[in-house]
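Take a look at the structure below.
Numbered from 1 within each chain, the chains take letters A, B, ... in sequence-line order.
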Protein chains: 2
Amino acid sequence: MTHDLLRTELKRRKQRMTAQRELVLRSFLEADSDHLSAEEVYRTVVEKRQRISKATVYRTVDLLAEVGILRKIVFRDGVIRYEIAECGKHHHHHLICSECGKVTEFSMDLLENLEEVIEKKTGFRINDHQLKFYGLCPSCQRKKQALNKQEERISAKPTKD
Amino acid sequence: MTHDLLRTELKRRKQRMTAQRELVLRSFLEADSDHLSAEEVYRTVVEKRQRISKATVYRTVDLLAEVGILRKIVFRDGVIRYEIAECGKHHHHHLICSECGKVTEFSMDLLENLEEVIEKKTGFRINDHQLKFYGLCPSCQRKKQALNKQEERISAKPTKD
DNA sequence: ATAGTTGCAAACAATTTGCTATAAG
DNA sequence: CTTATAGCAAATTGTTTGCAACTAT
């Protein structure tokens, strides 16, 4: 259980288990979405009528990531999000719609071996990797297609150029 | 030449070629580092004693990315950077040191086919992907090792615990 | 001459920091 | 009782926007 893992790690570091740290961790465990931003965690906690400040959220997600319970993940909007670093090593990756921002996950273990290859090649000690695909989700493809047709109709009319 | 590509694209969009747009593009072409942030582009231009404002830099890198000359790339610090989207499709990927931020590039075409597989599986229309490895560069590995030894020496002394 | 583009300063958003009061061990 | 932590507000950092002045076409 992630909970105990946190307690143990905190003890090792001579840090304390607090209500706020529990609340943040719980937010991730109970969230609909994976990958929450600090802002989202904050809102989640506040909506449950629990007391926390944003500064604490920022400090806590950072701590949880350092301890290895969360993984930092940043899409192209530059907002820092976090997701639970699932126990085993089976990685999942992200498929992001450039239009609506929708994020879909999919798993693929193929890249674990690759880490080793690259370690040997470069001398880096790799401990994580992230693969992201960017494109248009089915729904946005349809929207864009509809838009294109519309534009064709307009540019069919003669312009003074 | 990337230069002409920009001119052509601008004409198509009824937009104009300006000194500032040239300066930004040139910054990328002549930069030591790939992946520059807007801030870095700004400084580069100013150091050459050329006139530009930050707002223009932001607007221009955005434009260049839209046109396909640059590619947006965001590491875990959440800062938006851009790199030249080299002509052919041969992708390169990034190896980032979590400690000092050093970025190393390496290429690998393996993932092109994968895009197709995922398109079929998910219905997304994929147009880009990014693979990043995080870890410790050789130099930071050494530093960390040295630090660990030091800590051992300290904790070897008895503590009142 | 007609838009598109710039620069500036102000607005905004995300994140960090300094400090006092509080609470965990 | 000691020291880590929380909360708050102010400071920083990265990015966007409104608008008047400017300039490519």
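Note on B/Y58: every side-chain N or O is 4.0 Å or more away from OP1 and OP2 of D/dT16. Here B/Q15 reaches the OP1 or OP2 of C/dT5: one of its side-chain N or O atoms lies under 4.0 Å away.
Checking side-chain atoms of B/Q50 against main-chain N and O of B/A19 turns up no donor-acceptor pair under 3.5 Å.
Place B/I80 and A/I52 on DNA chain D by their nearest nucleotides, and A/I52 ends up nearer the 5' end.
A/H92 and A/E83 share a side-chain donor-acceptor pair at under 3.5 Å. A/H3 and A/E22 share a side-chain donor-acceptor pair at under 3.5 Å.
Taking the side chain of B/V79 as heavy atoms from C-beta on, and the options D/dA6, D/dT15, C/dC8, the nearest nucleotide is D/dT15. In the set D/dG7, C/dC8, D/dG14, the nucleotide with an atom closest to the side chain of B/S53 is C/dC8. The side chain of B/T18 lies closest to C/dT5 when the candidates are C/dT5, C/dT16, C/dG7. The B/R16 side chain lies nearest to D/dT25 when the options are D/dT15, D/dT25, C/dT16.
Ring geometry, A/H129 versus A/H93: the interplanar angle falls under 30°, so the pair is classed parallel (tilted spans 30 to 60°).
Using a 4.5 Å cut-off between side-chain heavy atoms of Ile, Leu, Val, Met, Phe, Trp and Tyr, with links allowed through other members, A/V46 and A/L23 fall into the same hydrophobic cluster.
Atom CG of B/L63 is separated from atom C1' of D/dT16 by 16 Å (rounded to the nearest Å). In this entry the distance linking NZ of B/K72 with C1' of D/dT15 reads 10 Å, nearest Å. Going from atom NZ of A/K54 over to atom P of C/dC12 covers 14 Å, rounded to whole Å. Atom P of nucleotide C/dA23 and atom CZ of A/R21 are separated by 15 Å, given to the nearest angstrom. As rounded to whole Å, 19 Å separates atom P of D/dT3 from atom NZ of A/K11. Atom CE in B/M17 sits about 12 Å away from atom P in C/dT5, given to the nearest Å. Taking atom CD of A/E39 as the reference point, atom C1' of C/dT15 lies 11 Å away to the nearest angstrom. The nearest whole Å value for the distance from the CZ atom in A/R13 to the P atom in D/dA4 is 13 Å.
Side-chain atoms of A/R59 and base atoms of D/dG7 include a donor and an acceptor less than 3.5 Å apart. Side-chain to base pairing of A/R51 with D/dA6: no donor and acceptor N or O lie closer than 3.5 Å to each other.
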